[in-house]
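Every chain is numbered from 1, with letters handed out A, B, ... down the list of sequences.
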2 protein chains.
Amino acid sequence: MAITVTLCTETNSRGVCAVEPVNLDTFKVNLGRQIRRLRKESGMSQEALADHCGVFRTYLSRIERGSANPSISIIALLALALGVDVIELFRSDA
Amino acid sequence: MAITVTLCTETNSRGVCAVEPVNLDTFKVNLGRQIRRLRKESGMSQEALADHCGVFRTYLSRIERGSANPSISIIALLALALGVDVIELFRSDA
DNA sequence: ATGTGACTATTAGTCCGTT
DNA sequence: TAACGGACTAATAGTCACA
């Protein structure tokens with residue numbers, strides 16, 4: 001993945017400064033990109049894949065565009081439906 | 001990861017039979033195990049790592065034992081704090 | 001130094017549309 | 001076929017006291 005790291009300037013409710021990726025969005029966008037690529041490779045529509053996973057088409061749409069923050073169980077379901085290892089979804093195409 | 005796959009027998013709210021890992025729990029337990037291993041390798045306590053990530057110690061405790069289902073943003077934060085690639089967290093130790 | 005239950009706030013995830 | 005929105009419900013994120 002090679003996520004670029006910066007120490008954030010914001011503190012949480014406990015006054016603790018958390019390590020935070022500047023590009024968490026990039027991270028999510030990349031994840032979505034991988035999912036979309038694998039889906040297309042297997043010739044499925046969003047609806048077909050969504051049905052296979054038991055998630056909603058509209059939600060899958062958001063995941064693929066990186067505008068959702070899915071839990072790991074959803075990620076596991078997607079990997080299963082795509083027939084790939086979870087790790088594949090987190091690879092960067094760079 | 002090599003998750004064992006079975007087609008589930010349960011249907012979701014739409015009456016669609018979703019592909020589901022029987023051992024989603026195993027998946028989560030393994031993830032937690034990796035996190036714990038990497039944390040110990042870097043000599044941090046749960047509290048230290050939790051503070052680094054900006055999450056709660058009690059929540060990290062649950063993640064490490066596989067009794068939480070964290071979102072990918074939490075996973076990204078943990079990987080960053082541990083100084084490893086996200087992919088490392090999803091490796092199986094088998 | 002960690003596990004656990006209980007609890008609230010916030011977000012994930014569903015479901016209906018329209019473009 | 002997919003993006004996008006609004007409104008809703010289920011689940012997770014996050015807090016705390018105590019073992």
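- Checking each of A:Lys40, A:Arg57, A:Arg39, A:Lys28 against A:Glu64 for a salt bridge (charged side-chain N to carboxylate O under 4.0 Å, His left out) leaves exactly one that passes, namely A:Arg39.
- The CG atom of A:Leu49 sits 8.5 Å away from the OG atom of A:Ser45 when rounded to the nearest 0.5 Å.
- Separation of atoms OG1 (A:Thr26) and CZ (A:Arg33) is listed at 9.0 Å; rounding is to 0.5 Å.
- Closest approach to the B:Arg57 side chain among C:dT14, C:dT2, C:dT4 is made by C:dT2 (side chain taken as heavy atoms from C-beta onward).
- In this structure, CD of A:Glu47 is placed 14 Å from C1' of C:dT14, rounded to the nearest angstrom.
- For A:Arg62 against C:dT14, a side-chain N or O and a base N or O form a donor-acceptor pair under 3.5 Å.
- A side-chain donor-acceptor contact under 3.5 Å links A:Arg65 and A:Ser61.
- Nucleotides of DNA chain C nearest to A:Lys28 and B:Thr58 differ in position, and the one nearer the 5' end is that of B:Thr58.
- For A:Glu64 and D:dT1, the CD to C1' distance is 12 Å, given to the nearest whole Å.
- At least one donor-acceptor pair closer than 3.5 Å links the side chain of A:Gln34 to the backbone N or O of A:Arg91.
- Summarising the geometry, the separation between CZ on B:Phe56 and C1' on C:dA1 is reported as 16 Å, rounded to the nearest angstrom.
- Summarising the geometry, the separation between CD1 on A:Ile74 and C1' on C:dT14 is reported as 11 Å, rounded to the nearest angstrom.
- B:Asn69 has its CG atom 12 Å from the P atom of C:dA12, to the nearest Å.
- Checking B:Arg36 against B:Ser71, the closest nucleotide of DNA chain C that is more toward the 5' end is the one next to B:Arg36.
- Following rounding to the nearest Å, B:Leu77 (CG) and D:dT12 (P) show an atom-to-atom distance of 18 Å.
- Per the geometry, CG belonging to B:Leu78 stands 16 Å off P belonging to D:dT12, to the nearest Å.
- Within 4.0 Å of B:Ser67, counting heavy atoms only, lies no atom of the nucleic acid at all.
- Phosphate proximity of D:dT1 to A:Ser45: absent, as no side-chain N or O sits under 4.0 Å from OP1 or OP2.
- Rounded to an integer number of Å, the gap from A:Leu60 CG to D:dA3 P is 9 Å.
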